[in-house]
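Numbered from 1 within each chain, the chains take letters A, B, ... in sequence-line order.
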Number of protein chains: 2
Amino acid sequence: MKISLVAVEPNEQQPCVDCSVRQFSLCAALDRAELRELEHLGRHVHFATCETVFAQEEMTTSFYNLLEGVMRLYKLLPDGRRQIVGFALPGDFLGMTASARHSFSADAIGPVTICRFSRAAFARFIEDKAHLLRRINELAVRELSQAQDHMVLLGRRSAEEKVATFLIGWRDRLGRLSGPAKTVPLPMSRQDIADYLGLTIETVSRTFTKLERDRVIDILPGSISLLDPARVEALAAA
Amino acid sequence: MKISLVAVEPNEQQPCVDCSVRQFSLCAALDRAELRELEHLGRHVHFATCETVFAQEEMTTSFYNLLEGVMRLYKLLPDGRRQIVGFALPGDFLGMTASARHSFSADAIGPVTICRFSRAAFARFIEDKAHLLRRINELAVRELSQAQDHMVLLGRRSAEEKVATFLIGWRDRLGRLSGPAKTVPLPMSRQDIADYLGLTIETVSRTFTKLERDRVIDILPGSISLLDPARVEALAAA
DNA sequence: AATGGCGGTTGATTCAGATCAAAGGCGGCC
DNA sequence: GGCCGCCTTTGATCTGAATCAACCGCCATT
């Protein structure tokens, strides 16, 4: 069982019981019989780098369980300004909406594999399963809490604090999936990071450079190494 | 049946069926028998202006249904910077948390009345009620969506757009409770608005003044009148 | 090995909003 | 009525991050 940040190649669709992200996902709440039932509803789908899985304003036809890879979730203003509201990792569940349309867009950062459920079938499946509904609640409330943390970041923190908070948060999320590590892979572009933190690409780049000059991080191609994790954590906490 | 932004005076605890905010609240999902059951679990409580109903990091002991008045929900950074993550209005349900502790503080803007439920009792009450769990989901997902909208505002909008978006959003929320109106009551202080929008009090004040100079709004004590709603909406949409 | 393109970095300058400072306005209270 | 304190507005100045503008490094293509 390994969690992959990149979908390697179209693999056979294995049974839900063997699903590598099961215990991190919604499906952790299901028993064996339910998993077998669910198996008929989900279809594995692959998306290539930068492909869009669903777009803002599109009708919601499916729910999605991310299996491999990383996705960016973002909202666009009419004039093109973009705010990334989150990055999705394996185990994340997408497609819950208040209305019948998606309120944000989601596309692949690198190749991804997704487990897709028809909206209607899935809705029927969960309808009377209180334990599953409670699990969905738990996920929704956790996401809401993260969203509120992010509001604090966007509204009240300096560029340096934003970048540090992002590094620590991303490291911790990856750590929960694959265990702790001092080097943090950053599959997303600088522009993505900027749009997530409410900054410009130049400011993100300058801030990374400053942290590197201060011997706090090391900038590597596609990743950042935390030379002084305590300093980064301090910046993130402050 | 009237919805009040201010709790007038300690009133008798009327039965849930007569609750003025029922159809806006969680309880809209309950039938008569369930309402009668719930009646024994909820207690009406009053709070005076600026009193804290619960604080960040405090253990969660209760759930709360706001009946009358307005509350501010906010997070504090260690150095005192504050981000208001939302304002609560009658019908709003508070106290759902991912952990056992509150992730934000909530206090009264003006006098409020709250229907308080013991956490354990309420958890037992909803445990197997799928329709109620679905309703809670609906509320959580709606809040998440609002939070994402607010991230866009905080990360990507100018001061003028922020203020306009706030005015329109607040007007619409009040409108849903008490019908449309051209004059928007603002029970919260300028500082609250600033901390909600990720601005300073001076910038909020200046932006209001500018909109008034442009004949777009009229600044009244405790409220704002929208002279040119279309202009405000345009600023908010842009 | 040259060419072109793209993502990232760096530098110079500008500007929106923050900060610092002072003065109004208004209600509560003696 | 007059004084106090708080909230809000207004003005002057400053500054962190945005904007504008090169430029670098690296890979892919020819």
Requested in this report: Would you kindly give the CG-to-C1' distance between Leu186(B) and dC7(D), to the nearest whole Å?
Outcome: 14 Å

Report task. Please determine which of Gln83(A), His150(A), Met151(A) meets the side-chain contact (heavy atoms from CB on, under 4.5 Å) test together with Leu154(B). Result -> Met151(A)

Report summary line: Testing dT19(C), dG17(C), dT9(C) for proximity to the side chain of Arg190(A), the answer is dT9(C)

Query - Ile201(B) CD1 - dC20(C) C1' separation (whole Å) - result: 14 Å

Query - Leu199(B), nearest nucleotide to its side chain (from dT9(D), dA18(C), dA18(D)) - result: dA18(C)

Query raised in the report: Is Arg72(A) salt-bridged to Asp107(A), cutoff N-O under 4.0 Å?
Result: yes

Report summary line: Of the listed dA18(C), dT19(D), dT8(D), the closest approach to the Arg206(A) side chain comes from dT19(D)

Query raised in the report: Is there a donor-acceptor contact under 3.5 Å linking the side chains of His46(B) and Thr113(B)?
Result: yes

Query raised in the report: Rounded to whole angstroms, how far apart are CG on Leu211(B) and C1' on dT8(D)?
Result: 16 Å

Query - Heavy-atom donor-acceptor pair, Arg213(B) side-chain to dT10(D) base, under 3.5 Å - result: no

**Report entry** Arg81(B) bridged to Asp195(B) by N-O distance under 4.0 Å
**Finding:** no

**Report entry** Minimum-distance nucleotide to Ser205(B) side chain [options: dT8(D), dT19(C), dG8(C)]
**Finding:** dT8(D)

**Report entry** Atom-to-atom span, CG of Asp192(B) to P of dC6(D) - whole angstrom
**Finding:** 16 Å

Query - Length of the CD-P vector between Glu161(A) and dG16(D), whole Å - result: 12 Å

Query - Whole angstrom value for the distance that separates C1' of dA18(D) from CD of Gln191(A) - result: 13 Å

Query - Rounded distance in Å - CZ (Arg157(A)) to P (dG17(C)) - result: 21 Å

Query - For atom CD of Glu212(B) and atom P of dT9(D), their distance in whole Å - result: 9 Å

Report task. State, without any angle test, whether Ser62(A) and Arg119(A) hold a side-chain donor-acceptor pair at a distance under 3.5 Å. Result -> no

Query raised in the report: Under 4.0 Å: is that the gap between some side-chain N or O of Thr200(B) and OP1 or OP2 of dA18(C)?
Result: yes

Query raised in the report: So what does Gly198(A) touch, heavy atoms closer than 4.0 Å: a base, only the sugar-phosphate, or nothing?
Result: sugar-phosphate

Report summary line: Ranking dC20(C), dA18(D), dT9(C) by distance to the side chain of Ile219(A), first place goes to dT9(C)

Query raised in the report: Any donor-acceptor pair under 3.5 Å between the side chain of Glu202(B) and the base of dC20(C)?
Result: yes

Query raised in the report: Nearest of dT9(D), dT9(C), dT19(D) to any side-chain atom of Thr209(A)?
Result: dT9(C)

**Report entry** Phosphate contact (dG7(C) OP1 or OP2) by Ser189(A) side-chain N/O below 4.0 Å
**Finding:** no

